S.K.: 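Structure provided below as structure tokens; questions to follow.
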Number of protein chains: 2
Amino acid sequence: MGLGAGATKDLATTTPSDSSAVSGTRLTPEPRSAARTDGVDRPGRVTITDVARVAGVSVATVSKVVNGRYGVAASTAERVLEVVEDLGYESSLVARSLRRRRTNVIGVLVAEFEPFSTELLKGISAAIEGTGYELLAYSGGSTAGADRVGWERRSVSRLGGTLIDGAVIVTPTVVAPVHDGVPVVAIDPHTGPSGAPTVDSDSLEGARTATEYLIGLGHTRIAYLGGRPDLESARLRELGFREAMSAHGLAVDPDLVRVGGYRPDRADAPAHELLDREDRPTAVFAANDLSAIRMIEVAHEMGLRVPQDLSVIGYDNVPESATCTPPLTTIAQPLHQMGAEALRMLIDLLDGSEREQHLRLPTSLVERASCAPPAA
Amino acid sequence: MGLGAGATKDLATTTPSDSSAVSGTRLTPEPRSAARTDGVDRPGRVTITDVARVAGVSVATVSKVVNGRYGVAASTAERVLEVVEDLGYESSLVARSLRRRRTNVIGVLVAEFEPFSTELLKGISAAIEGTGYELLAYSGGSTAGADRVGWERRSVSRLGGTLIDGAVIVTPTVVAPVHDGVPVVAIDPHTGPSGAPTVDSDSLEGARTATEYLIGLGHTRIAYLGGRPDLESARLRELGFREAMSAHGLAVDPDLVRVGGYRPDRADAPAHELLDREDRPTAVFAANDLSAIRMIEVAHEMGLRVPQDLSVIGYDNVPESATCTPPLTTIAQPLHQMGAEALRMLIDLLDGSEREQHLRLPTSLVERASCAPPAA
DNA sequence: GTGAAAGCGCTAACAC
DNA sequence: GTGTTAGCGCTTTCAC
């Protein structure tokens with residue numbers, strides 16, 4: 001699954017895949033024990049109706065008991081609870097949310113579960129502890145082909161109003177006319193300050209920092225491997241790069257600015273273009289870690305040593321950036337914190353207390369081993 | 001958020017949090033433009049009823065158009081589609097799944113989004129591409145207090161039958177009497193081969209490998225920092241440790257076997273107990289990376305150098321294991337692959353084609369920098 | 001071709 | 001106290 005992880009030496013001598021160990025237990029949808037006395041053997045879950053029938057009460061009563069409402073005799077409640085236990089009944093989130101206003105679940109909408117979004121997710125998950133909300137992460141972008149664009153809108157519409165009370169959208173893409181009455185906070189949005197509240201990191205300053213670090217090391221011929229051109233963050237990072245270069249009197253060679261696409265597989269061609277030339281750069285600033293890692297791999301394939309022959313610096317600081325060889329020096333976004341803050345903003349929104357609309361967090365430099373002064 | 005990430009040097013000079021940038025745009029739930037001609041101003045999403053009303057047809061017709069069913073005049077369909085576009089209608093996953101049999105969404109049920117489960121998630125996400133399914137990850141364990149135990153059962157019941165067609169459960173805990181007719185595959189289950197199909201890694205062999213690696217380095221006084229005692233994987237890893245030790249004629253000091261709990265915060269006390277003694281071990285095998293990382297941190301706090309004074313080896317190979325100092329040598333579970341395989345098995349189950357029930361993948365040793373021969 | 005009506009599992013008024 | 005009823009948004013017969 002990409003990303004080499006240090007020296008890997010397979011010492012396991014066991015059978016690689018004893019997939020033949022089929023025990024007798026099969027997942028047969030045989031009808032449950034107690035429930036369903038009549039002939040209808042829907043294999044599905046046990047519903048409130050099943051409980052009502054077995055307990056000899058109405059579904060309304062069961063609902064009251066389950067939800068701890070008033071107006072139920074202690075004896076009845078006890079009996080119902082017993083049946084609930086017996087049958088292993090658990091109310092359907094779907095049916096409940098269709099009826100109720102609030103569900104107490106917050107949605108995290110991502111295009112895909114990759115290192116960036118999962119880091120955010122970790123931060124959100126840690127922060128949700130004790131808030132009374134549950135987390136539901138939905139990957140709406142994976143339906144390729146069709147309309148990969150606008151998945152955020154689609155996802156919010158599909159889940160919002162029912163199922164989730166609000167959403168934090170992890171989107172490097174458009175977020176514009178989203179939210180059909182569903183409170184939403186966007187992380188790393190396409191456009192800058194747009195409709196919804198947002199949290200992002202200071203890409204402009206971070207890119208300056210990265211570039212100046214390279215310059216400080218003595219590099220003058222520096223390449224920029226950009227992110228997707230339609231993204232605000234990518235635009236800002238390129239701008240920061242250019243600003244830092246010119247602030248130090250360094251020229252930016254147009255041939256040394258390429259688009260990497262924020263995905264390792266998309267970084268392949270531009271990486272080759274950058275390196276496969278007489279006057280290749282001595283250093284590269286990649287607009288995100290995954291491209292940077294791919295950049296290193298490509299350099300290796302071409303016989304270049306990192307950092308001796310080529311310095312590479314990334315952006316994001318997903319944990320994967322530490323697993324490549326050499327470990328990547330990178331500009332760290334406070335990913336966990338960004339997730340936590342987004343959650344906080346969303347909950348504030350849900351509680352009606354309005355706070356700030358846009359939060360921009362600072363980045364920091366994480367020095368590992370992929371950068372060095374240029375070869376003399 | 002824990003886990004130091006190499007040398008961190010904050011160079012950002014920007015405002016740490018310009019949370020005052022409240023633009024004029026507020027997320028007011030004002031009624032949508034075209035829809036809702038009557039007085040009822042539910043701020044919510046646009047429903048099929050809205051579309052029907054605006055298009056001047058029945059909801060049944062809209063449903064047919066949206067789902068591409070036969071029996072609708074081309075002209076009608078066109079008009080409806082136009083309104084759908086206009087209003088930005090998107091059918092509610094909830095309502096739809098309540099009515100339909102299949103939803104084409106697969107659930108990934110986790111207790112919490114931490115490094116282990118998110119790695120699996122990455123593997124699943126990558127593997128789901130092109131299958132026609134969408135991914136929905138649900139964190140059911142975060143509701144502390146109540147019944148942290150049995151969240152799997154609860155989650156499956158709440159989501160299954162409706163919303164998700166099947167689930168892969170990421171559970172180091174019980175999985176036993178789960179599945180109310182919902183196809184389920186468990187990753188890293190509590191019990192070994194139980195009711196549902198499972199995929200895990202070869203903990204026994206992996207633990208042997210780790211222990212033998214330490215022994216091969218020359219260590220004889222080796223400690224074991226275990227995982228939660230109620231877990232099968234933890235049991236197997238301890239067994240592998242003991243087997244390897246005795247196979248090499250080494251004694252296991254009972255004082256050098258402690259429980260770490262699979263969570264960094266739970267590893268604190270036992271780590272101190274292990275290190276805070278005259279005859280402390282020269283090496284530690286921790287049953288998972290997060291404990292191992294915490295172990296290293298504790299060692300540092302106590303003035304010990306890793307690996308010079310203490311060797312530490314972990315288990316799992318979550319990417320975080322590379323971000324600590326020194327980078328952790330660890331036994332790698334093929335996490336992405338395990339996720340992908342679990343998904344494959346689940347889809348097979350859904351398609352009716354039954355395959356193997358239990359898949360056990362081999363581990364491998366990833367050498368980084370946290371182990372060395374014992375000080376002479 | 002189109003719409004009326006039933007019902008998925010559940011909750012919330014409102015009767016009894 | 002408890003049951004009856006009316007939907008939530010949607011799909012699906014089955015009449016017209």
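In this text, all values refer to a predicted model and were calculated from it rather than measured experimentally. Proteins get letters first, then strands, A, B, ... in listed order; numbering begins at 1 in each.
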S.K.: Give one of base, sugar-phosphate or nothing for A:Val94, where a contact means two heavy atoms less than 4.0 Å apart.
M.R.: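 If one applies the 4.0 Å heavy-atom cut-off, A:Val94 turns out to touch nothing in the nucleic acid.
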
S.K.: Whole angstrom is fine here: how far is it from CG in B:Leu98 over to C1' in D:dC8?
M.R.: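 After rounding, the gap between these two atoms is 9 Å.
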
S.K.: The criterion is salt bridge (charged side-chain N to carboxylate O under 4.0 Å, His left out); which residues satisfy it with A:Glu114, sequence neighbours excluded?
M.R.: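 None.
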
S.K.: Figure out the CG/P separation between A:Leu93 and C:dT11, and round it to whole Å.
M.R.: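 Computing the A:Leu93:CG to C:dT11:P distance gives 11 Å.
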
S.K.: Please name all residues satisfying side-chain contact (heavy atoms from CB on, under 4.5 Å) with A:Ala60, sequence neighbours left out, ordered by chain then number.
M.R.: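 Applying side-chain contact (heavy atoms from CB on, under 4.5 Å) to A:Ala60 gives A:Ser58.
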
S.K.: Does one side chain, of A:Arg153 or A:Ser157, offer a donor that lies under 3.5 Å from an acceptor on the other?
M.R.: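 Side-chain D/A pair, A:Arg153 to A:Ser157: present.
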
S.K.: Both atom distances under 3.5 Å, Watson-Crick or G-U wobble: I'd like the secondary structure of DNA chain C as a dot-bracket string, with | for pairs made across strands.
M.R.: |||||||||||.||||

S.K.: Whole angstroms only, please: what is the CG-P distance between B:Leu163 and C:dG9?
M.R.: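 It is 14 Å, rounded to the nearest whole Å.
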
S.K.: Please determine if a side-chain N or O atom of A:Ser58 lies less than 4.0 Å away from the OP1 or OP2 oxygen of D:dT4.
M.R.: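 It does not, given that no N or O in the side chain of A:Ser58 lies less than 4.0 Å from OP1 or OP2 of D:dT4.
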
S.K.: By the 4.0 Å heavy-atom rule, please label B:Ser97 as base, sugar-phosphate, or nothing.
M.R.: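 The answer is nothing, as B:Ser97 stays clear of every strand by at least 4.0 Å.
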
S.K.: How far does the P atom of C:dA6 sit from the matching atom of D:dT5, given to the nearest Å?
M.R.: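 So the two P atoms sit 14 Å from each other.
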
S.K.: Cut-off 3.5 Å, no hydrogens considered: what does the side-chain donor-acceptor table look like for residues 68-80 of chain B, sequence neighbours left out?
M.R.:
{"unit_1": "B:Arg69", "atom_1": "NH1", "unit_2": "B:Asn67", "atom_2": "O", "d": "3.3"}
{"unit_1": "B:Arg79", "atom_1": "NH1", "unit_2": "B:Ala55", "atom_2": "O", "d": "2.4"}

S.K.: If I take atom CG in residue A:Asp165 and atom P in nucleotide D:dC8, what distance separates them, rounded to the nearest angstrom?
M.R.: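 Atom-to-atom, A:Asp165 to D:dC8, this comes out as 19 Å.
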
S.K.: Over how many whole Å does the gap from A:Asp50 atom CG to C:dC8 atom P extend?
M.R.: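 Value for this atom pair: 11 Å.
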
S.K.: Can you spot which of A:Leu163, A:Thr103, A:Leu93 makes a side chain to side chain contact (heavy atoms under 4.5 Å, CB included) with B:Val94?
M.R.: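 Considering A:Leu163, A:Thr103, A:Leu93, a side chain to side chain contact (heavy atoms under 4.5 Å, CB included) with B:Val94 is found only for A:Leu163.
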
S.K.: Between protein and nucleotides 10-16 of chain D, map the contacts as a letter string: B base, S sugar-phosphate only, - none, heavy atoms under 4.0 Å, written 5' to 3'.
M.R.: BBB----

S.K.: What residues form a side-chain contact (heavy atoms from CB on, under 4.5 Å) with A:Ala95, not counting sequence neighbours?
M.R.: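 side-chain contact (heavy atoms from CB on, under 4.5 Å) check on A:Ala95 returns A:Ser92, B:Leu98.
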
S.K.: Evaluate the criterion salt bridge (charged side-chain N to carboxylate O under 4.0 Å, His left out) for residue pair B:Glu129 and B:Lys122; output intermediate values, then yes/no.
M.R.: CA-CA 11 Å; B:Glu129 198 86 8; B:Lys122 289 175 198 170; over 6 Å; no

S.K.: Are B:Val83 and B:Tyr89 packed together at the side-chain level, in the sense that at least one heavy-atom pair is separated by less than 4.5 angstrom?
M.R.: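 Of all side-chain heavy-atom pairs linking B:Tyr89 with B:Val83, none is under 4.5 Å.
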
S.K.: In whole angstrom, what separates A:Arg158's CZ from D:dG9's P?
M.R.: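 Roughly 16 Å, once rounded to whole Å.
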
S.K.: Which whole-number value in Å describes the distance from A:Arg53 CZ to D:dT2 P?
M.R.: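 Atom CZ in A:Arg53 sits about 20 Å away from atom P in D:dT2.
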
S.K.: Where do A:Arg96 and B:Arg158 land on the side chain to side chain contact (heavy atoms under 4.5 Å, CB included) test, with the steps shown first?
M.R.: CA-CA 10 Å; A:Arg96 154 171 297 183; B:Arg158 281 167 68 83; 4.3 Å; yes

